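Not measured: the values here are computed from a predicted model. All residue numbers refer to positions in the sequence shown, counting from 1.
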Amino acid sequence: MTFLPCSGLAWATPCSEQPYTLETPEGLAGGGNLEYDGEVAIFSDGACLETKGLTLQAPELRYDQSKGELNAQNIEVQTLRYRFFAEVGVVREKVLQAQGIRATSCRCGDDLRLFSESLRFDTQSGEVVLEESRLEVYRFGLAHFQELHLSPNQSLSETLGLGAAPPVRLDYDQGWNLGLENFPLLEARLSPETPLTRLTLLGLRLGSPDPVLRLGLSVREKSRQARFELDYKPSGVASRGEVVEGPIFFQHDSEKGRYAFGFKQALTLGAFTLTPFAWIAQDWPDGSPASQTQGLAAGAELRYRYALEEGPWRFRLEPFVVLGLYDQPQLYLAYGGYTEAHYRGAFDLRLGYAWAEATPGRFWLERREATQKLSGRLQYQSLKLEAEHDFRKAQTQGSLRLGHAQDFGEVWAQFNGCWACVGKTLSNGRDDWERRELVLGFTPRPLECTEAISLAPFLGYDFLRQGVSRWGLELRYADCCFIWRLGYQEIRIAQHPDETASGKLTFGLEIR
C-alpha cells in the first residue's frame with residue numbers, strides 16, 4: 001500500500017521534446033531557447049543533454065562546435081542509480097569532467113550523500129570515479145575516500161560492501177542479538193581491486209543463560225583471504241578461522257576439535273579437473289574429544305564435467321573419484337557423481353540424481369558423504385513443485401507452492417511435507433520430524449515510492465499435530481533514501497531439527 005505518490009527527480013520536459021535540439025558527438029543537446037555566439041551554440045531555458053549514460057540539466061549549456069565540447073555550470077545529472085550535482089562541468093570525447101560534486105542515491109532529498117572535489121563520468125560505460133570524496137548519512141560523516149568507483153551495475157550498498165544483509169544487527173531470538181556483523185571497514189581507495197576488510201563485534205543471546213560475545217575480522221583479496229572469530233561464553237572461549245594464500249591454507253575450529261595446514265590446487269585439463277592435496281590435520285570424527293585423530297593425508301580428486309545443450313534441453317554429467325593416503329596403513333576411496341537433465345521452455349523442469357560411496361575417512365577435508373538422492377523441480381508460471389527422495393534414509397520430502405500475483409503483490413500458499421523423516425519420536429510413536437505443513441502468506445511488490453508502507457504476513461498450520469506451526473508479520477517503510485524493516489516471526493511447532501520453538505524480532509535497514 002502506498003500513501004503518497006512516487007516522488008523523485010523528474011525533468012519538466014524530455015530533452016528530445018525541447019523546442020530547439022542539436023545532435024552533437026556527445027549526445028542530444030536541447031533547450032527552450034537557442035542563441036549563437038560565433039561557433040558556440042548557447043542553450044537556455046531548460047538546457048539539457050541526453051546521452052547513453054546520463055541525462056544532464058543546467059541553466060545554460062554552451063556547445064563549442066570547433067572544440068567539440070559542452071560546458072555548463074550548476075549542473076544536475078540523473079542516472080539510473082544516482083543523482084549528481086556539480087558546480088561546473090565539461091563533456092568532451094564522451095567523458096564528463098566536473099568539480100564541486102554532491103551525489104546521492106536517494107529518490108528525493110539527500111540524507112545519504114557523497115561530497116567530492118571532482119568527478120570523471122564515462123558516458124558510454126556509465127563508470128564514475130570520485131576523487132577525494134566523503135560519505136555522510138544525516139549529515140554525519142562516516143568515511144573518506146581518496147578514490148571511489150561507482151558502477152552502473154552495482155547499487156551503493158554493493159559498492160560499499162554492505163551486500164543484501166544489513167551489517168548492523170538488532171533482533172531478538174532466544175535473547176537479544178546486537179552489534180556489527182561483517183561490517184565493512186572502508187578503505188581510503190575503494191575500487192573493484194581494493195581488498196575488503198570486515199569487522200564483527202556482536203552480542204548473541206544477550207539476557208539468556210548462555211550469552212555469547214563474538215569478535216571477528218576478515219580480509220579478502222582475489223585468491224587471498226583470512227578470517228578469524230572468537231566467541232566468549234560462560235562455558236569458555238571458542239575460536240575458528242581460515243587463512244588462504246593461493247593453494248596454501250590453514251583452518252581451525254576449536255569447538256569441533258579441528259585444525260589443518262595444507263595444500264590444495266585445482267588443475268584443469270579440458271573437461272577434467274585434477275585437484276591434488278596434502279595436509280596435516282586433527283579431527284573429532286564423531287564430535288567428541290574421545291574420537292580425536294591426528295596425522296597426515298595426501299591424495300587427489302579427479303572430476304569430469306560433461307555438458308550438452310540442445311534447444312531448450314540441457315544435460316550435465318559430473319562423476320568424481322577421490323583417492324587418499326594416510327601416515328597409517330589406511331586407504332581412503334570415494335567415488336560418485338551427479339547427473340542432471342534440465343528443460344527450459346514453456347515450463348521449467350529439472351531432474352537430478354546424486355550418488356556417492358566412500359570408505360571411512362580420517363579428516364573432514366577429504367571425507368565425502370555417502371548419498372543416493374533423486375531430486376526434481378517443476379516450475380510453471382506461479383506453480384512451483386520441489387521433491388527429493390533419499391534412498392539411503394528411505395525418506396521423501398517436498399514442497400508445493402502456488403501463487404496469485406496482482407499489481408499490489410502476490411498471495412501464495414505453500415505445502416511442506418516430509419514422509420518417513422527420522423528424528424525424535426513422540427509418545428504416540430510418530431517420528432517427530434514428519435511434516436504436513438501449509439503456510440499461507442502475502443508478499444507485497446517492492447517499494448518504489450517514497451513514504452510508502454507494505455505489510456508481509458504469513459501463517460502456517462501443522463496438519464499432523466493439528467495446530468498453528470508458525471506465524472509472522474513484516475512491516476516495511478520507504479523514505480527517500482532507505483527502506484526500514486521491522487518484523488516478528490514465531491515458530492510454535494518446529495518442523496525440522498534446526499528449528500526451535502521460539503519468537504524472533506528483527507530490525508533492518510536497506511539503502512534504496
Holding to side-chain hydrogen bond (donor to acceptor under 3.5 Å, both in side chains), I want the full list of residues that pass it with [X], two or more places apart in sequence or in another chain.
| X | answer |
| --- | --- |
| Gln406 | His404 |
| Tyr259 | none |
| Thr500 | none |

Above 12 or not: heavy atoms from other molecules or residues under 6.0 Å from OH of Tyr380?
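12 or below, so no.
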
Within the supplied structure, the quantity of interest is the number of heavy atoms (other residues, nucleotides, ligands) at a distance under 6.0 Å from Tyr138 OH; does it exceed 12?
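Yes - once you tally the heavy atoms of other residues, nucleotides and ligands closer than 6.0 Å, there are more than 12.
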
Donor-acceptor pair, distance only, cut-off 3.5 Å: does the side chain of [X] make one with the backbone of [Y]?
| X | Y | value |
| --- | --- | --- |
| Ser382 | Gly403 | yes |
| Glu158 | Ser155 | yes |
| Gln18 | Gly46 | yes |

Taking only residues two or more places apart in sequence, or in another chain, which ones meet [X] in a side-chain contact (heavy atoms from CB on, under 4.5 Å)?
| X | value |
| --- | --- |
| His496 | Arg435, Asp498, Glu499 |
| Ser254 | Ala238, Ser239 |
| Gln73 | Val88 |
| Glu35 | Asn33 |

Measuring centre to centre across the rings, with the benzene-like ring taken for any Trp, is Trp471 within less than 6.0 Å of Tyr488?
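So the answer is yes for these two rings.
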
Measure centre to centre between the rings of Trp313 and Phe315, then say whether the value is under 6.0 Å.
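No: the rings miss the under 6.0 Å criterion.
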
Give the minimum heavy-atom separation between [X] and [Y], together with the two atoms involved.
| X | Y | value |
| --- | --- | --- |
| Cys108 | Cys481 | O-SG, 4.3 Å |
| Glu26 | Gly68 | OE2-O, 3.6 Å |
| Ala266 | Thr273 | CB-CG2, 4.2 Å |

Pairs in or reaching into residues 114-127: which pass salt bridge (Lys or Arg N to Asp or Glu O under 4.0 Å), with residues at least two apart or in two chains?
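Listed once each, the pairs would be none.
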
Got a sec, which pairs hit salt bridge (Lys or Arg N to Asp or Glu O under 4.0 Å) with one end in residues 238-253, sequence neighbours left out?
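Pairs touching residues 238-253 that pass the test: Arg224-Glu245, Arg227-Glu242, Glu229-Arg240, Asp231-Arg240, Arg240-Glu255.
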
Answer whether the closest heavy-atom distance between the side chains of [X] and [Y] falls below 4.5 Å.
| X | Y | result |
| --- | --- | --- |
| Leu459 | Val439 | no |
| Tyr343 | Asp348 | no |
| Asp37 | Arg62 | yes |
| Tyr232 | Leu230 | yes |
| Leu160 | Phe145 | yes |
| Leu49 | Leu61 | yes |
| Leu119 | Val129 | no |
| Thr275 | Leu267 | no |

Just how far is it from atom [atom1] of [X] to atom [atom2] of [Y], taken to the nearest 0.5 Å?
| X | Y | atom1 | atom2 | result |
| --- | --- | --- | --- | --- |
| Glu386 | Asn416 | CD | CG | 10.0 Å |
| Arg512 | Leu112 | CZ | CG | 12.0 Å |
| Phe507 | Glu474 | CZ | CD | 11.5 Å |
| Trp412 | Phe458 | CH2 | CZ | 7.5 Å |
| Glu60 | Ile42 | CD | CD1 | 5.5 Å |
| Leu455 | Thr443 | CG | OG1 | 12.0 Å |

Which atom pairs, donor and acceptor, lie under 3.5 Å between side-chain atoms of residues 174-181 and protein residues at least two apart or in another chain?
residue, atom, partner, partner atom, Å
Asn177, OD1, Arg205, N, 2.9
Asn177, ND2, Asp171, OD1, 2.6
Glu181, OE1, Arg169, NH1, 3.4

Would you please classify the geometry between the Phe250 ring and the Phe261 ring as parallel, tilted or perpendicular, with 30° and 60° separating the classes?
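Correct class here is tilted.
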
Can you tell me how the ring of Phe121 sits relative to the ring of Phe84, calling it parallel under 30°, perpendicular over 60° and tilted otherwise?
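Because their plane-to-plane angle is over 60°, the rings of Phe121 and Phe84 count as perpendicular.
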
Arg350 vs Glu340, salt bridge (Lys or Arg N to Asp or Glu O under 4.0 Å): CA-CA, chis, key distance, verdict
CA-CA 7 Å; Arg350 187 192 301 265; Glu340 178 185 271; 2.9 Å; yes

Counterpart residues, salt bridge (Lys or Arg N to Asp or Glu O under 4.0 Å), relative to Arg102 (two or more places apart):
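Applying salt bridge (Lys or Arg N to Asp or Glu O under 4.0 Å) to Arg102 gives Asp110.
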
Return each pair, listed once, that meets side-chain hydrogen bond (donor to acceptor under 3.5 Å, both in side chains) where at least one residue sits in residues 88-98; pairs must be two or more places apart or across chains.
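Every pair satisfying side-chain hydrogen bond (donor to acceptor under 3.5 Å, both in side chains) with a residue in residues 88-98: Glu69-Arg92.
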
Can a donor-acceptor pair be found between the side chains of Arg485 and Thr506 at a distance below 3.5 Å?
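Per modelled atom types, Arg485 and Thr506 side chains form no pair under 3.5 Å.
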
Show the numbers, then the answer: is there a side-chain hydrogen bond (donor to acceptor under 3.5 Å, both in side chains) between Asp210 and Ser208?
CA-CA 5 Å; Asp210 187 27; Ser208 73; over 6 Å; no

Cys480/Cys106 sulfur atoms closer than 2.5 Å:
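Between Cys106 and Cys480 there is no disulfide, given that their SG atoms are not under 2.5 Å apart.
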
Where do Cys15 and Cys48 land on the disulfide (SG to SG under 2.5 Å) test, with the steps shown first?
CA-CA 6 Å; Cys15 206; Cys48 57; 2.1 Å; yes

